[in-house]
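This is a predicted model, so every value here is computed, not measured. In what follows, chains carry the letters A, B, and so on, assigned in the order in which the sequence lines appear, proteins first and then strands, with residues in each chain numbered from 1.
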2 protein chains.
Amino acid sequence: MSRAVLTFVASALEMVHNGGMSSSTPATARARARAEITAEIKASARLQVAAVGASGLSLRAVSRDLGMASSAIYRYFPSRDALLTALIIDAFDAIGHVAEEANLSLAGSPPEKRWRGVAHAVRRWALDNPHEYALVYGSPVPGYVAPSETATSATRITDVLLGILAEAAPTIARIELPEPPDETAVEMEAIVPGLPPRVTALGIGLWAQLFGLISLELFGHFETVITDRDAFFDHQLTLAAHSMGLDT
Amino acid sequence: MSRAVLTFVASALEMVHNGGMSSSTPATARARARAEITAEIKASARLQVAAVGASGLSLRAVSRDLGMASSAIYRYFPSRDALLTALIIDAFDAIGHVAEEANLSLAGSPPEKRWRGVAHAVRRWALDNPHEYALVYGSPVPGYVAPSETATSATRITDVLLGILAEAAPTIARIELPEPPDETAVEMEAIVPGLPPRVTALGIGLWAQLFGLISLELFGHFETVITDRDAFFDHQLTLAAHSMGLDT
DNA sequence: ACGAAACGAGAGCAGTGCTCTCGCAATGAG
DNA sequence: CTCATTGCGAGAGCACTGCTCTCGTTTCGT
């Protein structure tokens, strides 16, 4: 079908992943072909997930799309779940990339503006890629292994948010905020060393709220209740900024 | 088609609601057998979902479990999705029931205690029934129909929370809170008439946070970061109460 | 008592993930 | 350059899935 398009998209994505320094090590022609085909499989699978969701991803459909035997896929991914895991990592990276971009494009702006910009960007990406969002923040798929490989990609978005939080900490620390219990305090201290635990706890709560809002909207729980969702979401960000004392 | 689905679902729901006291209206023996078998199918399906998740629900496994032919299942549920939809409605009801119970058991207590009690009860239920929680608040399954029949069951939990919010409104209204934009304000007014829109908006935000916290915990996003999750969750409720001005 | 409706069982279709074996082609060591 | 090793694609096949259709049997309303 759109073989060439898929190849292009895939290689472009691959470029993003290893930062473009792959051309320096062409290795053998076979290795290059392998990387290319691996990327094609992922690209086709990504399209399929975007179209019908994770549960509808079929290895045989991917193999048909690429014009190869279904058994050949197993030369590249040991199982369907492995392919799905690769897509999950990609989605984590995509969401992290979106957040980083939004944050960078607002460099120099006050923390509140950066927080709002990142939140809006993440929501926009989620609305544009609902199935990939669900892949990451929805219910874990079949056997839900949650491999540790995803960790480094998963922390990108939280790093951005916690970075903004840390920068805003002096302002936040001025407002009255309940102190967490000791057990929680030490864990907060471990997450962002040097930051007052009560501030980190607030930040994680707002992070949960952010994804709660996006998930509820995306999974249809606002269906008949809230229609102007842009305005509603923006007001929620205003509320969040208010609770951090960033609006004064 | 969806007409038939709704009929099936409705009768199934009826069955659950009047429990075993249907003997007053035995109707025909066949109707009783039908209700019984329908309930057995759902029970077996529920066990299977609890064991292996929604994506692992197999009609044939259910039929084997009940010792009947797989095709016979279709006399009771027109499709796998219809069976899943029935389970979703049950899960909504279960979660609503848990919330109502927690709220009732704290009748007379101040709103903060009730809010905390309900939140803890919902989280506890989610931790005890992860797959059923995912059925409801995770990513919608394949084609995500979200039939309107779920609405009445879905609002039970929100009714409880909004009820507590309304009762606490006089206290909440005393704190300084940003005013939502006009479009949002009219929608808030429609959700809880008479309540200040800024209070309703705050409440919905906290509702989103509640489910965001539960979802993140349940779907493994706190895995390596937060270990004492009870204490953390409780502190988040303290933060929520603080943001509503209920702690002074 | 009889026609109609509901029901259960079985066969069958198209599809799935995954395994195994077979031959061909590229690879790297001698 | 030769040649054994390895990587790889194709095909057949297994066990499983949701779902449909047909065909007798049982039960119901009248």
Stacked cation flag B:Arg123 on B:Phe233, 6.0 angstrom / 45 deg: yes
Is the shortest side-chain heavy-atom distance between [X] and [Y] below 4.5 Å?
X	Y	value
A:Val62	A:Leu57	yes
B:Tyr137	A:Leu216	yes
A:Val192	A:Leu165	no
B:Arg124	B:Val98	no

Any B:Ser79 side-chain N or O less than 4.0 Å from OP1/OP2 of D:dG18: no
Side-chain N or O of A:Arg34 closer than 4.0 Å to phosphate OP1/OP2 of D:dC8: yes
In this structure, how many angstroms lie between the [atom2] atom of [N] and the [atom1] atom of [X], rounded?
X	N	atom1	atom2	result
B:Ile73	D:dC19	CD1	C1'	12 Å
A:Met68	D:dC8	CE	P	10 Å
A:Leu83	C:dC18	CG	P	10 Å
B:Leu84	D:dT17	CG	P	15 Å
A:Ile41	D:dC8	CD1	C1'	12 Å
A:Arg80	C:dG15	CZ	C1'	13 Å
A:Arg32	C:dA26	CZ	P	14 Å
B:Leu57	D:dC16	CG	P	17 Å

Sugar-phosphate, base or nothing in reach of A:Ile37, heavy atoms under 4.0 Å: sugar-phosphate
Pairwise distance CG(A:Leu87) to CZ(A:Phe77) - rounded to 0.5 angstrom: 7.5 Å
Pair A:Gln48-A:Ser58, side-chain donor/acceptor within less than 3.5 Å: no
Under 4.0 Å protein heavy-atom contact, by nucleotide of nucleotides 21-30 of chain D - B base, S sugar-phosphate only: B----BBSS-
A:Ser58 side chain, from C-beta outward: closest of C:dG17, C:dA9, C:dC7: C:dG17
Side-chain-base donor-acceptor pair under 3.5 Å for A:Arg60 and C:dG15: no
